[in-house]
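Below is one structure; the comments refer to it alone.
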2 protein chains.
Amino acid sequence: MTAGGHGGADELDFWSFIRLAQHRLAEEHGFGDRLATELLLTLNRASGIVTYDLEAAVHRPRGRSWSGFRLLFVVWLAGPLEAKKAAELTGMSRAAVSGLAKTLVGQGLLDRTPGERDGRSVLLSLTERGRREMLETFQAQHRREQEWAGVLTEAEQRILIMLLDKLITNRDQFDVRGRH
Amino acid sequence: MTAGGHGGADELDFWSFIRLAQHRLAEEHGFGDRLATELLLTLNRASGIVTYDLEAAVHRPRGRSWSGFRLLFVVWLAGPLEAKKAAELTGMSRAAVSGLAKTLVGQGLLDRTPGERDGRSVLLSLTERGRREMLETFQAQHRREQEWAGVLTEAEQRILIMLLDKLITNRDQFDVRGRH
DNA sequence: GATAGTTGATTAAGACTTTTACTAGTTTGG
DNA sequence: CCAAACTAGTAAAAGTCTTAATCAACTATC
């Protein structure tokens with residue numbers, strides 16, 4: 001068999017690639033347990049596909065980015081928030097929140113007011129227009145979320161949430177790297 | 001209770017935020033089924049946390065980006081690949097692969113040769129150095145993957161993979177947006 | 001109370017991704 | 001056989017993310 005010749009790569013899709021990868025990792029490189037690899041590959045792929053779809057179907061048509069939505073979403077539901085807290089809840093860096101907030105303030109969706117108890121901090125809150133837009137946008141996203149989740153039964157959804165929770169909750173057992 | 005005053009946001013973390021969000025979506029905005037929202041929020045959060053950790057712990061210290069690794073990974077295991085195929089398998093756009101390949105060729109990890117059967121296409125393959133580096137890098141990533149997956153039992157890992165598979169496989173039931 | 005250290009926000013530089021547009025090679029159908 | 005349609009790859013512009021550095025404000029300590 002020539003180098004790279006395993007029947008031609010043309011029929012490969014994501015799942016047959018995973019099988020091929022498993023095979024070569026085991027046979028040619030001697031990796032034993034490959035379940036973890038498959039799990040994380042699948043997790044990232046699933047998240048990427050869903051996120052891309054939501055962004056393309058819901059947010060870009062409205063002139064909004066995925067990150068912009070995430071920031072507006074936490075401010076919408078968790079009330080006025082310090083920028084630092086918003087960064088924690090969205091999983092972004094503080095710098096990303098700072099830049100994004102600048103854009104969203106300019107678009108009239110977000111208000112930025114100085115914090116009271118700490119002169120350095122900044123409180124983010126939605127403008128009236130921001131509130132209106134979030135309600136409409138989230139309705140659209142919610143419909144699409146339900147199409148996605150709908151391929152699983154309710155029980156399956158609950159199990160999936162539980163397993164994902166467990167995956168990221170028990171991580172204190174080793175030294176995980178988080179954003180600054 | 002004043003605007004935004006629901007006990008102070010200071011104790012909020014990702015999980016208490018989800019509970020708060022659920023509550024406000026139901027009580028103040030009348031959203032009924034919020035399981036789908038929780039599922040996708042948790043999915044994206046889990047993927048983001050794990051990916052960030054792998055990038056920070058394994059790839060950045062080696063001067064490599066997450067995307068660079070993804071591209072090298074598929075080329076490593078699926079042999080010489082047309083750029084288009086590499087884009088499909090990694091889930092990137094063709095343009096992203098093109099740009100990334102340019103960088104990686106410059107770093108001496110990737111070879112780019114003209115395709116034989118199609119004069120437009122480009123075949124990507126690893127250089128000898130690329131192969132050596134991938135073996136070392138993947139060993140490191142594999143160890144860390146196992147730390148992550150290790151908080152779940154093997155049965156749980158298999159169920160999680162199965163549910164994620166189902167989530168993204170059955171999506172033909174509606175009009176999903178994918179990359180170009 | 002002055003000072004050292006810490007923390008919040010911001011900016012700057014660089015990497016990466018996206019969409020759009022373009023070039024060039026290939027296929028198809030009259 | 002040739003023109004129209006299509007496809008692969010690339011480049012450009014705009015946007016987002018990252019880390020590192022900077023500034024300002026708070027806190028603790030001498």
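So that the names make sense, note that chain A is the first sequence line, chain B the second, and so on, each numbered from 1.
C:dT19 atom P lies 8 Å from atom CD of A:Glu55, rounded to whole Å. Rounded to whole angstrom, the span from the CG atom of B:Leu124 across to the C1' atom of D:dG9 amounts to 11 Å. The interatomic distance linking B:Lys84 (NZ) with D:dC6 (P) rounds to 14 Å, in whole Å. One can place CG of B:Leu71 at 13 Å from C1' of C:dC16, the figure rounded to the nearest angstrom. Between the P atom of C:dT7 and the NZ atom of A:Lys85 lies a distance of 15 Å, rounded to the nearest Å. Whole-Å rounding puts the B:Leu123 CG to D:dG9 C1' distance at 13 Å.
Listed by chain and number, the residues in a side-chain hydrogen bond (donor to acceptor under 3.5 Å, both in side chains) with B:Asn44 are A:Ser47, A:Thr51 (sequence neighbours excluded). For B:His142, there are no side-chain hydrogen bond (donor to acceptor under 3.5 Å, both in side chains) partners two or more places apart in sequence or in a different chain. Residues that satisfy the salt bridge (charged side-chain N to carboxylate O under 4.0 Å, His left out) test with A:Arg19, not counting sequence neighbours, are absent from this structure. By the side-chain hydrogen bond (donor to acceptor under 3.5 Å, both in side chains) test, B:Arg70 is found to be paired with no residue, residues two or more places apart in sequence or in another chain being considered.
Listed by first and then second residue, the salt bridge (charged side-chain N to carboxylate O under 4.0 Å, His left out) pairs that reach into residues 47-59 of chain A are A:Asp53-A:Arg144, A:Glu55-A:Arg60, sequence neighbours excluded. Within the structure, salt bridge (charged side-chain N to carboxylate O under 4.0 Å, His left out) pairs that include any residue of residues 27-47 of chain A comprise A:Arg24-A:Glu28 (at least two apart or interchain). Within the structure, salt bridge (charged side-chain N to carboxylate O under 4.0 Å, His left out) pairs that include any residue of residues 100-111 of chain A do not occur (at least two apart or interchain).
A:Arg112 comes within 4.0 angstrom of the backbone, heavy atoms only, and of no base.
Closest approach to the B:Arg94 side chain among D:dC17, D:dG9, C:dA9 is made by D:dG9 (side chain taken as heavy atoms from C-beta onward). Among D:dT10, C:dA9, C:dC16, the nucleotide with an atom closest to any side-chain atom of B:Leu100 is C:dC16. Taking every side-chain heavy atom of B:Glu82 into account, D:dG9 is the closest of C:dA9, D:dG9, D:dT18. With distances taken from any side-chain atom of A:Met92 to the nucleotides C:dA9, D:dT10, D:dC17, the minimum falls on D:dC17. Side-chain proximity of A:Ala95 to the nucleotides D:dT19, D:dA11, C:dT17 is greatest for D:dT19. Of the candidates C:dT10, D:dA8, C:dT19, the closest approach to any side-chain atom of B:Ser121 belongs to D:dA8.
Residue B:Arg158 holds its CZ atom at 11.0 Å from CG of A:Leu39, rounded to the nearest 0.5 Å.
Using a 4.0 Å cut-off between charged nitrogen and carboxylate oxygen, A:Arg143 and A:Glu147 do not count as a salt-bridge pair. Under the 4.0 Å criterion applied to side-chain N and carboxylate O atoms, A:Arg62 and A:Glu133 are not assigned as salt-bridge partners.
For DNA chain D, the neighbouring residues in residues 57-68 of chain A, judged by any heavy atom under 4.0 Å, are A:Ser65, A:Ser67.
Listed pair A:Ser93 / D:dT18 meets the phosphate criterion, a side-chain N or O lying under 4.0 Å from OP1 or OP2. For D:dA11, one of the phosphate oxygens OP1 or OP2 lies less than 4.0 angstrom from a side-chain nitrogen or oxygen of B:Lys102.
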Heteroatom pairs (N/O) under 3.5 angstrom, protein to nucleotides 26-28 of chain C:
residue, atom, partner, partner atom, Å
C:dT26, OP1, B:Gly119, N, 2.8

